[in-house]
Amino acid sequence: MQGYNTLWQPGTDHASIATEVKIISTLKEEGITKEDLGRDGFLERAWAWKKEYGGRIISQLKKLGSSCDWDRERFTMDEGCNKAVNEVFVKMYNKGYIYKGARMINWCPVCNTSISDAEVEYEEQKGHFWHIKYPILNDDGSESGEYITFATTRPETMLGDTAVAVNPGDERYTALVGKYMMLPLMNRKIPIIADEYVDMEFGTGVVKITPAHDPNDFEVGKRHDLPVINIMNDDATINENGGKYAGMDRYEARKAIVKDLDELGLLVKIEDYAHNVGTHDRCHTTVEPLVKLQWFVKMDELIKPARRAVETGEIKLVPESMAKTYYNWTDNIRDWCISRQLWWGHRIPAYYCDDCKETVVALKAPEKCPKCGGTHFTQDPDTLDTWFSSALWPFSTLGWPEQTKELKYFYPTDVLVTGYDIIFFWVIRMIFSGYAHMGDKPFKTVLFHGLVRDDKGRKMSKSLGNGIDPLEVIDKYGADALRLTLITGNAPGNDMRFYWERVESNRNFANKIWNASRFIMMNLPEEAPSLPAEGERTPADKWILSKLNNLVKEVTANMEKYELGVAVQKVYDFLWDEYCDWYIEMVKPRLYKKENETGDDVRSRNAALYTLKEVLTDALKLLHPYMPFITEEIFTTLQDDEESIMISSWPEYRADREYAKEEAEIETVKEAIRGIRNVRTQMNVVPSRKAEVYVVTENDDVKASFAENEYFLKTLGSASGVNIQSDKTGIAEDAVAVMLPHAVLYMPFSDLVDLEKELERLEKEEKRLECELKRSNSMLSNERFLSKAPAEKIEEEKAKLADYEKLMEQVKKQIADLKK
RNA sequence: GGGGCUAUAGCUCAGCCGGGAGAGCGUCCGCCUCACACGCGGGAGGUCAUGGGUUCGAGCCCCAUUGGUCCCACCA
């Protein structure tokens with residue numbers, strides 16, 4: 001395996017709405033608001049709550065044997081990381097990457113706070129569509145007597161209208177574009193403009209534009225340089241810009257305005273209309289879009305190196321398909337609004353002179369205003385977006401801007417493992433921040449995993465109550481089983497559903513390994529077995545070594561390609577099927593001490609024990625990344641050479657451990673045993689009833705290998721005796737046959753077997769072979785296959801065909817014999 | 001509205017480079033065989049969403065359609 005310098009970085013905590021909301025709700029129980037506490041008091045409470053909450057988690061982890069410690073946890077909001085955040089903010093501001101600008105935000109008039117898009121809940125409400133008309137003016141300013149009609153769900157916002165828009169392609173209105181109209185009630189002259197935003201098909205194809213109170217209108221207003229007239233106070237009452245409606249609540253004003261328009265004859269009609277309205281998810285008040293000054297990061301330049309890094313492969317995304325999503329974000333990037341109207345977070349290091357309102361951005365509060373010399377400043381009340389500090393995580397947690405030795409060693413790190421849902425929020429921002437402030441990428445590879453959902457495919461959430469507490473899972477089935485469940489069962493970047501059954505089956509696997517290890521340790525002598533001489537290894541020993549050797553090669557390759565699920569599936573199959581179900585069973589007879597032991601018996605037992613132990617040890621190493629606890633426990637008990645599996649070397653592929661001959665030999669024997677078992681089950685033969693087995697083959701190699709491994713047919717195939725011969729001499733005519741590519745096994749079941757059933761079975765086999773022969777023949781007689789397919793594929797197919805033909809011959813002969 | 005992901009056994013999912021369809025769970029049959037019943041042995045079960053195309057050959061590559069799902073934006 002390649003070496004990694006990945007650092008398990010300290011836990012961090014960031015400004016977050018969720019935290020603030022949580023704390024506010026705990027305060028609510030005591031009947032106080034955050035304003036009652038004041039900013040400092042609030043932060044103090046927040047810290048206390050955080051510490052208690054975090055402390056609970058840590059004490060649980062400690063119970064599970066973790067060495068984590070609250071004091072060692074480091075928070076981004078502590079002094080060290082706060083310093084990095086300020087440093088970055090000031091640097092970017094001075095370079096012109098951070099600016100202040102107007103932006104539409106969601107405002108909750110009841111909570112008197114701005115809320116994030118994520119906190120806006122759209123609910124369908126029954127409302128009305130008010131159809132209104134505005135009088136069109138002649139060029140000299142007099143009323144033309146013509147009107148333009150449109151519909152609105154929010155008539156009160158007309159007080160802030162600064163235009164009316166139509167689609168530029170809409171022929172109905174082409175002549176009107178550029179003309180002016182009189183805004184009723186306010187007596188303001190406003191233009192008729194053309195903008196793509198307007199949907200010709202919808203309503204009358206006319207939209208009134210209120211840049212200060214609608215996000216789309218705000219964008220339209222920017223494009224056409226329209227004035228932004230704010231008509232509302234923060235508590236959603238009409239302000240002085242609303243003329244005679246000033247002081248009214250937004251809904252009162254709506255009523256009054258509709259009434260007044262009606263009296264002027266400008267209200268065309270009212271229709272019922274159901275539409276989605278944004279509400280605050282906590283108090284369900286209808287949110288009010290308002291224009292406020294916010295801080296922004298200018299993205300067009302900063303994003304370039306981040307896009308290039310993935311393009312050139314300097315940063316690798318796994319799976320690669322995530323690049324599509326990545327580019328979709330980089331190519332449609334907009335300036336990043338980084339200010340949040342919260343208290344729990346990094347406060348923006350911008351200070352305003354109390355006297356001249358000059359803005360000073362600095363690491364510390366300035367003492368003297370550079371413009372007027374004033375000495376009193378007020379810091380900007382806003383905090384930074386969670387992701388602003390998170391974006392600095394790869395280096396801020398390592399002590400930057402100090403050039404610490406951790407920073408030198410761990411930056412850039414190798415792999416970031418994260419969920420695909422935060423490609424935009426976190427991954428992209430870490431990447432561009434890395435290039436901007438460190439001049440280098442933060443990591444070389446990003447490995448994306450999916451999200452864990454519940455068994456119905458829903459996202460786990462508190463409100464649904466469908467979350468799974470990992471500690472509960474660990475309590476029931478163990479941390480290893482949970483880890484294995486989360487790593488397997490899906491490909492990188494795909495979501496997975498959580499099933500208790502899967503955890504249980506992985507617990508069963510852990511149990512299987514545990515029992516296998518117990519069996520081996522039971523049999524290990526006081527003195528560790530010694531390395532056997534080459535000749536002391538049986539074909540079975542070499543077979544399992546060869547299998548392990550290939551496993552090491554494949555698993556290593558898979559892991560280096562981050563195919564973690566595929567890799568562990570192979571280890572799982574090897575340990576359970578090959579090692580436990582076959583090798584241990586094969587080796588058992590050699591382990592038990594006999595009465596009159598020869599030196600060969602002792603040496604064979606030693607070889608078996610040595611092989612059992614070495615194969616298990618290496619397999620445990622392959623499994624360790626997935627199931628660290630059980631593998632470490634077994635490893636340290638099983639051997640004394642190394643202190644911990646964590647620092648042991650990763651197994652390596654060895655050319656001298658390729659035992660092709662023995663592998664083929666044992667596979668044939670396995671095939672024979674499976675065939676025997678199969679026949680016995682189909683014939684309903686009780687396991688206690690042994691049967692004589694005849695191996696008929698003309699091939700000397702096959703004869704030799706059956707001779708060497710005949711006792712497996714006795715121990716695993718319930719054979720009373722094994723006879724190896726070249727023809728059917730001395731075998732009952734009605735013996736049951738098992739077809740192998742290079743031999744036929746016969747079992748004289750005459751008195752147990754139903755002849756009809758046996759014929760049925762053979763005819764089924766004949767049918768299967770017919771299909772295979774047909775397929776293989778058609779491939780090999782296809783000229784285009786022969787001319788275009790690679791030579792090795794053709795050879796492979798020819799060999800298969802030969803095997804099928806041989807088997808077919810045997811089956812036909814047996815059927816004929818039985819029919820006699 | 002924009003952009004992803006996805007469709008394979010009854011269920012949940014693998015399937016690496018295009019070359020005879022796999023696992024776990026469930027189900028059926030037989031077994032408490034001295035590591036393990038959280039187990040052992042054997043079996044049944046698939047038109048790889050649909051329709052085209054490329055190829056000697058498609059679960060895999062291309063196009064279209066339909067269903068599921070997520071992210072972003074949002075309907076005057």
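Order of the sequence lines fixes the chain letters, A, B, ..., with proteins taken first and strands second; residue numbering starts at 1 for each chain.
Rounded to the nearest Å, the gap between the C1' atom of B/A37 and that of B/A44 is 22 Å. Taking atom C1' in both B/C31 and B/G68, the straight-line distance is 43 Å, to the nearest Å. Using P as the reference atom, B/C13 and B/C75 are 35 Å apart when rounded to the nearest Å. A gap of 26 Å separates the C1' atoms of B/A21 and B/C63, to the nearest Å. The separation of B/C11 from B/U54, taken at their C1' atoms, amounts to 35 Å, rounded to a whole angstrom. Across B/A76 and B/C62, the matching C1' atoms stand 41 Å from one another, rounded to whole Å. For the C1' atom pair drawn from B/G2 and B/A58, the interatomic distance equals 32 Å after rounding to whole Å.
Among the heavy atoms of the strands lying under 4.0 Å from A/Trp576 are primed sugar atoms or P, OP1, OP2 only; no base atom is included. Across all strands shown, A/Asn494 has heavy atoms under 4.0 Å from sugar-phosphate atoms exclusively, and none from any base. Backbone-only engagement by A/Trp329 is indicated by non-hydrogen atom pairs under 4.0 Å involving sugar-phosphate atoms exclusively. If you check every strand for non-hydrogen atoms under 4.0 Å, A/Lys588 touches a base. A/Asn506 comes within 4.0 angstrom of nothing in the nucleic acid, heavy atoms only. Among the atoms of the strands shown, none is found under 4.0 Å from any heavy atom of A/Phe498. Residue A/Glu585 is in base contact, counting any heavy-atom pair closer than 4.0 Å across all strands shown.
Taking side-chain N and O atoms only, A/Asn216 has a distance below 4.0 Å to OP1 or OP2 of B/C75. Checking the phosphate oxygens (OP1, OP2) of B/C5, a side-chain nitrogen or oxygen of A/Lys324 falls inside 4.0 Å.
In the interface, the side chain of A/Arg507 is paired with the base of B/C38 through a donor and an acceptor atom under 3.5 Å apart. At a cut-off of 3.5 angstrom, the base of B/C16 holds no donor-acceptor pair with the side chain of A/Lys561.
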Intra- and interstrand pairs of RNA chain B - dot-bracket, Watson-Crick/G-U under 3.5 Å, | marks other strand = (((((((..((((.....[..)))).(((((.......))))).....(((((..]....))))))))))))....
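Under the 4.5 Å side-chain criterion, counting only non-hydrogen atoms from C-beta, A/Tyr173 is in contact with A/Thr204.
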